[in-house]
Number of protein chains: 2
Amino acid sequence: MPDAEGHPAPEDMELGKIFAALADPLRRKVVLTLLQEDGETPRACGTFGMPVAKATRTHHFRVLREAGLIFQVDRGNGRLSSLRRAELDQRFPGLLDLLMHEGAREAAKTEANKTAAAET
Amino acid sequence: MPDAEGHPAPEDMELGKIFAALADPLRRKVVLTLLQEDGETPRACGTFGMPVAKATRTHHFRVLREAGLIFQVDRGNGRLSSLRRAELDQRFPGLLDLLMHEGAREAAKTEANKTAAAET
DNA sequence: CTTTAGGTACGATGCAAGTCGTACCTATGA
DNA sequence: TCATAGGTACGACTTGCATCGTACCTAAAG
């Protein structure tokens, strides 16, 4: 049963919704950013550099929230998002590690490309 | 670069496609079945009990194949599917364990429901 | 109080995905 | 050889998703 803001309880999270949410590269990047920043400091929705309109951003964050990936708290002006790390590790063990692994892999690949370009 | 039958090499597999493929419950069930059967014995496409038309089944198996989740071999009449277990464990460590974990969880929940119904 | 910044709600649109029926292909077996 | 079973190819339909513009809301700043 989700709460008033639409956050599902861990036992109500569905793997299908999690996968569907993470299938989109923009949303995956948001989760990865939160994951890598490691900070418990939540970030404002607008600070992720998503190259889309405001309305679209709201849509993506809703998908992430309703899947159970992020927790959003209303701070009057602005809304802060944080990763539901502990609950996700408990409910879907290995999921966040998988994302982290892939993030590192892509970073390495990008770095390799830059190096190759510099050597041209 | 995929081969002639559309199987991508491990380094060409994309997490986005994997997640998109596994977002569908029918496809997730196919992978889970292969995962649990543990057998190296590949199964024919028609033996998974998918409640859809033949053409739809072909579609789902193509998505799984092009994402890199399954390997299909043409056996003249009939086509056998097997899980690309080793490659997936290498490329996306933790993914199959995550699926297995969720499969066990759902099986337990279903069992609990049946028990509760029997006690009514 | 007015402005401004961050987000949401709503409606519209274009595109991709899941579904199916039908026709066709290929081996196996009678 | 002919029928049958398992799959694919193609086209069509429907639904859902990502996207956006616009209007609106709320709090902080001036």
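Each chain gets a letter, A, B and so on, in the order the sequences are listed, and its residues count up from 1.
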Applying side chain to side chain donor-acceptor pair (under 3.5 Å), can you list everything that pairs with A:R84, at least two apart in sequence or on another chain? A:E87

Residues at least two apart in sequence or cross-chain that pass ring pair (Phe, Tyr, Trp, His ring centres under 6.0 Å) with B:F61, listed by chain then number, are B:F48

Polar pairs (N or O, both sides) under 3.5 Å between protein and nucleotides 13-20 of chain D?
| residue | atom | partner | partner atom | Å |
| --- | --- | --- | --- | --- |
| D:dA18 | OP1 | A:R27 | NH1 | 3.2 |
| D:dA18 | OP1 | A:R27 | NH2 | 2.7 |
| D:dA18 | OP2 | A:R27 | NH1 | 3.4 |
| D:dA18 | OP2 | A:H59 | NE2 | 2.7 |
| D:dT19 | OP2 | A:H60 | NE2 | 2.4 |
| D:dC20 | OP2 | A:A53 | N | 3.0 |
| D:dC20 | OP2 | A:T56 | OG1 | 3.4 |

According to the salt bridge (Lys or Arg N to Asp or Glu O under 4.0 Å) rule, which pairs have a member within residues 97-108 of chain A, sequence neighbours left out? A:E102-B:R91

Taking side chain to side chain donor-acceptor pair (under 3.5 Å) as the definition, give me every residue that meets it alongside A:R65, ordered by chain and number, with sequence neighbours left out. A:Q72

Sequence neighbours excluded, which residues qualify as side chain to side chain contact (heavy atoms under 4.5 Å, CB included) partners of A:L32? A:L35, A:Q36

So does A:Q90 have more than 12 non-hydrogen atoms from other groups sitting under 6.0 Å from CD? no

Run the side chain to side chain donor-acceptor pair (under 3.5 Å) test against A:H101 and tell me which residues pass, sequence neighbours left out. none

Which ILVMFWY residues can you reach from A:L80 by hopping between side chains whose heavy atoms are under 4.5 Å apart? A:V73

How would you list, by chain and number, every residue that makes a side chain to side chain donor-acceptor pair (under 3.5 Å) with A:R27, sequence neighbours excluded? A:H60

Letter by letter from the 5' end, nucleotides 25-30 of chain D scores (B base, S sugar-phosphate only, - none; protein heavy atoms under 4.0 Å) --S---

On DNA chain D, more 5' by nearest nucleotide between A:K54 and B:R79 is B:R79

Quick one: ring pair (Phe, Tyr, Trp, His ring centres under 6.0 Å) pairs with a partner in residues 7-26 of chain B, sequence neighbours left out? A:F19-B:F19, B:H7-B:F71

Which two nucleotides bound the region of DNA chain C that has atoms under 4.0 Å from heavy atoms of chain B, read 5' to 3'? C:dG18 to C:dA27

